[in-house]
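This is the structure, below, for whatever I ask next.
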Amino acid sequence: MRGRVDGGQKKHLVPSICVILLILGFLFIYFGGHRGHHTSTALDYGTKFSRSLGWGSNDGGDATKTDESASGQEDGDEHITPKSFPVCDDRHMELIPCLDRNLIYQTRLKLDLSLMEHYERHCPQPERRFNCLIPPPRGYKIPIKWPTSRDKVWQANIPHTHLAHEKSDQNWMVVKGDKIHFPGGGTHFHYGADKYIASIANMLKFPNNVINNEGRLRTVLDVGCGVASFGGYLLSSNVLTMSLAPNDVHQNQIQFALERGIPAFLDVLGTRRLPYPSRSFELAHCSRCRIDWLQRDGILLLELDRLLRPGGFFVYSSPEAYAQDEEDLKIWRKMSTLVDRMCWKIAAKQNQTVIWVKPLTNDCYMDRAPGTKPPLCRSDDDADAVWDVKMEACITPYSEQHYKHKGSGLAPWPARLTTPPPRLADLGYAAESFVKDMEVWQQRVNNYWNLLGPKVTANTIRNVMDMKANMGSFAAALKDKDVWVMNVVPNDGPSTLKIIYDRGLIGTVHDWCESFSTYPRTYDLLHAWMVFSSIEKRGCSAEDLLLEIDRVLRPTGFIIIRDSRAVIELIKKYLSALHWEFFAVVNAEPNSEPEDGEVILLIQKKLWLVDESLKDLR
């Protein structure tokens, strides 16, 4: 009997093997033909440029791996001149390397989904980084210019209509022909963000129902922002909003926001602090943002408390604020108890919205009964340390400086932009240094715009990133331009981001050895002041950074690199491979010696499109 079974198995074995070989052959032909041009070196770790500078490389990965299509002649014994970079596969058109859910699945990271850890940053190891150019979608067009872009964008640039169907009854977005229109609605404000904003100002009894409160309200955090219509409509009142949402099931919402020209950022209230210093915002907003504020002893609400300025507001529009069913009433009672222990008071409550206000001083905290939870944070806790720092369920008290002022001590906008803020003293900076920094960067920005002059018109540039913002004076010098600036402060430098927020600007902390939390093709202008020289000291890959800049920059966008002459000369060798072209290179200081000081390189990214044969490259 056993012999018969074995014989039967042998009879079936040969046909089975043939079928498997046929399937494998088909897969090889299909994927080889479909992806062969795209991914030949997509996972090569970009270290060649670093070695050409004499820099070190990160540990791990196949750092010596090369590809003939991506590298060219060696200049002497060290310098490698690349011929081209491969083009990534189409499925990576919207790749965000540190927010890539495929990476999480492939590496089998053990994350707590209930804490939203899968929406936090998880960057690829060196050997898994992509060494290829992110292609635009087919039919990509130069984005519609601001302010028209607030209300409509090209559908081809973000070919996703899921939200238009899912939120059709809430007026988030509507597909009309080759464009996507944004009527200004939201989950809570179907009839327009402008009316909703006016109602909030009315509830707070601001003069003339204007939300900026005569310049006293300038910076806002909108959590669970959708397509950022709330922040988009606040701009007309000179209020600047950090619109925040994760890369979740409402796919591409932040991508839509940035395509519209509205400030926005990918992040989540999970386990780590948001990358903003304490006391950054006058108002936080949640409109049916689907956040469980009661979890983990109120830790997420305490994170908002850390970020709000003295006397700051939390606007909460949600069923718990008005519904009468038992479950909503239960949540409302628990939330009311929590915020009462946090010393928040109700400033206004109307219909479906409640607005709480944070205390101006520490007095209420000191008057609480011993053992009251949540406790005050430890005295050695740095409330401004935010890069990869875990949240804690504690109240951040005010410093002696803020206690003395009984508030933030900030001037109203627009005087706030140029008035030395009180927190300069935290960093040991003098007011004179602040003023001098403004003067220096005003001259530099004027020079930049003179160099850009032939290439730009009034509305060519909208979304700007300053990759090493210091005190934000580059952004301040653009005050008369119709642009907004994401001010990025390196994680390993002085914590100047609080100065930037105190000036009425916005930004984030970041490590330029990693990918930035944004979609591809989201910025019109990147300014890199000594960024490459900075990462040199840490042994990070400059080639990775060049590819990251290309990922973030829109086609026909601009890059201003201000760095050492050695860095500039080597970057110029990469322009052809990146499909960039430079149109100006000048000494930063006119009277400096040729080999000394900083050099300015102005670059424009070409618009290139890819057809099936990758021949339509222009």
Side-chain angles (χ1 to χ4, degrees), residues 204 213 216-221 223 269 271-286 291-316 320-321 331-349 354-386 389-410 421-427 495 497-498 501-502:
L204 292 170
N213 193 23
R216 296 180 186 88
L217 193 153
R218 167 63 180 172
T219 51
V220 169
L221 177 67
V223 294
L269 280 164
T271 66
R272 303 171 189 166
R273 284 178 173 175
L274 294 177
Y276 319 120
S278 65
R279 304 185 293 277
S280 292
F281 302 97
E282 273 91 24
L283 184 146
H285 174 253
C286 159
I291 292 173
D292 177 8
W293 297 108
L294 296 173
Q295 64 173 285
R296 293 176 283 158
D297 300 317
I299 193 169
L300 304 184
L301 206 58
L302 289 160
E303 174 65 357
L304 287 192
D305 182 82
R306 181 184 71 85
L307 295 172
L308 283 173
R309 299 195 195 278
F313 301 102
F314 177 42
V315 179
Y316 184 57
E320 295 84 32
I331 294 172
W332 172 253
R333 284 192 290 266
K334 287 183 177 180
M335 197 162 178
S336 297
T337 300
L338 173 61
V339 298
D340 184 64
R341 293 199 304 264
M342 291 167 57
C343 294
W344 289 11
K345 304 299 180 187
I346 291 181
K349 187 172 185 289
V354 61
I355 304 175
W356 284 288
V357 61
K358 184 179 173 180
L360 285 169
T361 70
N362 289 333
D363 291 350
C364 176
Y365 306 144
M366 299 298 105
D367 291 341
R368 298 187 314 160
T372 300
K373 292 185 178 181
L376 295 182
C377 297
R378 301 183 313 274
S379 59
D380 63 347
D381 176 63
D382 182 358
D384 299 325
V386 297
V389 175
K390 293 290 185 180
M391 294 181 193
E392 292 190 39
C394 59
I395 297 171
T396 304
Y398 302 129
S399 65
E400 290 297 322
Q401 174 114 4
H402 277 82
Y403 189 79
K404 179 178 69 177
H405 280 283
K406 293 188 176 181
S408 64
L410 299 176
R423 288 201 281 186
L424 277 175
D426 294 358
L427 300 171
S495 56
L497 190 57
K498 56 188 171 184
Y501 274 93
D502 286 354

Any side-chain heavy-atom pair from L274 and L221 closer than 4.5 angstrom?
yes

Is it true that R309 and D502 have a side-chain N and a carboxylate O under 4.0 angstrom from each other?
yes

Which atom pair, heavy atoms only, marks the closest approach of L338 to G298?
CD2-CA, 3.8 Å

Check: K358 side chain, F314 main-chain N or O, donor-acceptor pair, under 3.5 Å
no

Under a 3.5 Å threshold, yes or no: a donor from one side chain and an acceptor from the other, between K390 and T271?
yes

Tell me, do R423 and D384 make a side-chain contact under 4.5 Å, heavy atoms counted?
yes

For the CG atom of N213 and the CG atom of L204, what is their distance to the nearest 0.5 Å?
8.0 Å

The criterion is ring pair (Phe, Tyr, Trp, His ring centres under 6.0 Å); which residues satisfy it with F313, sequence neighbours excluded?
none

With the side chain counted from C-beta on, respond yes when L308 and E282 share a heavy-atom pair under 4.5 Å apart, and no when they do not.
no

Quick one: CG on L497 to OG on S278, what's the gap to the nearest 0.5 Å?
10.5 Å

Report yes if some heavy atom in the side chain of L302 is under 4.5 Å from a heavy atom in the side chain of C394; otherwise report no.
no

Please tell me if the side chains of W293 and E320 come closer than 4.5 Å, counting only heavy atoms from C-beta onward.
no

Please determine if K498 and D426 form a salt bridge, counting it only when a charged side-chain N lies under 4.0 Å from a carboxylate O.
yes

Of all heavy-atom pairs between P359 and W344, which one has the smallest distance, and what is that distance?
CD-CD1, 4.1 Å

Ignoring hydrogens and angles, tell me if any N or O in the side chain of R341 forms a donor-acceptor pair with the backbone of T372 under 3.5 Å.
no

Tell me whether K373 at atom NZ has more than 12 heavy atoms from other residues, nucleotides or ligands lying less than 6.0 Å away.
no

Are P421 and Y501 side-chain neighbours, meaning at least one heavy-atom pair lies under 4.5 Å?
no

One should read off an interatomic distance between L283 CG and L307 CG, to the nearest 0.5 angstrom, of 12.5 Å

In Å, rounded to the nearest 0.5 Å, how long is the span from CZ of R272 to CD of E303?
13.0 Å

Correct closest heavy-atom pair for A393 and P375 would be O-CD, 3.5 Å

I want to check something: taking the side chain as every heavy atom from C-beta on, are R368 and L376 in contact at a cut-off of under 4.5 Å?
yes

Roughly how far, to the nearest 0.5 Å, is the CG atom of D305 from the CZ atom of R279?
11.0 Å

Verify, without hydrogens or angle tests, whether T219 (side chain) and S280 (backbone) share a donor-acceptor contact under 3.5 angstrom.
yes

Aromatic ring pairing W332/W356, orientation class (parallel under 30°, perpendicular over 60°, tilted between):
parallel

Working note: M342 + L304, criterion side-chain contact (heavy atoms from CB on, under 4.5 Å); need CA distance, chi angles, decisive distance, verdict.
CA-CA 11 Å; M342 291 167 57; L304 287 192; over 6 Å; no

Which atoms form the tightest heavy-atom contact between S408 and P422, and what is the distance?
O-CG, 3.8 Å

Heavy atoms of P310 and Y398 approach each other most closely as CA-OH, 3.2 Å

Please check: side-chain N/O of R273 versus main-chain N/O of A385, any donor-acceptor pairing under 3.5 Å?
yes

Separation between CG of L301 and CZ of R296, rounded to the nearest 0.5 Å:
12.5 Å

Contact check, side chains of M391 and L300, non-hydrogen atoms, under 4.5 Å
yes

Is it the case that over 12 heavy atoms from other parts of the model lie below 6.0 angstrom from the CG atom of D297?
no

Run the side-chain contact (heavy atoms from CB on, under 4.5 Å) test on V339 and Y316 for me, step by step, so that the C-alpha distance in whole Å, both residues' side-chain angles and the decisive distance to 0.1 Å come before the verdict.
CA-CA 12 Å; V339 298; Y316 184 57; over 6 Å; no

If you look at every heavy atom in V223 and C286, which pair is closest and at what distance?
CG2-CB, 3.9 Å

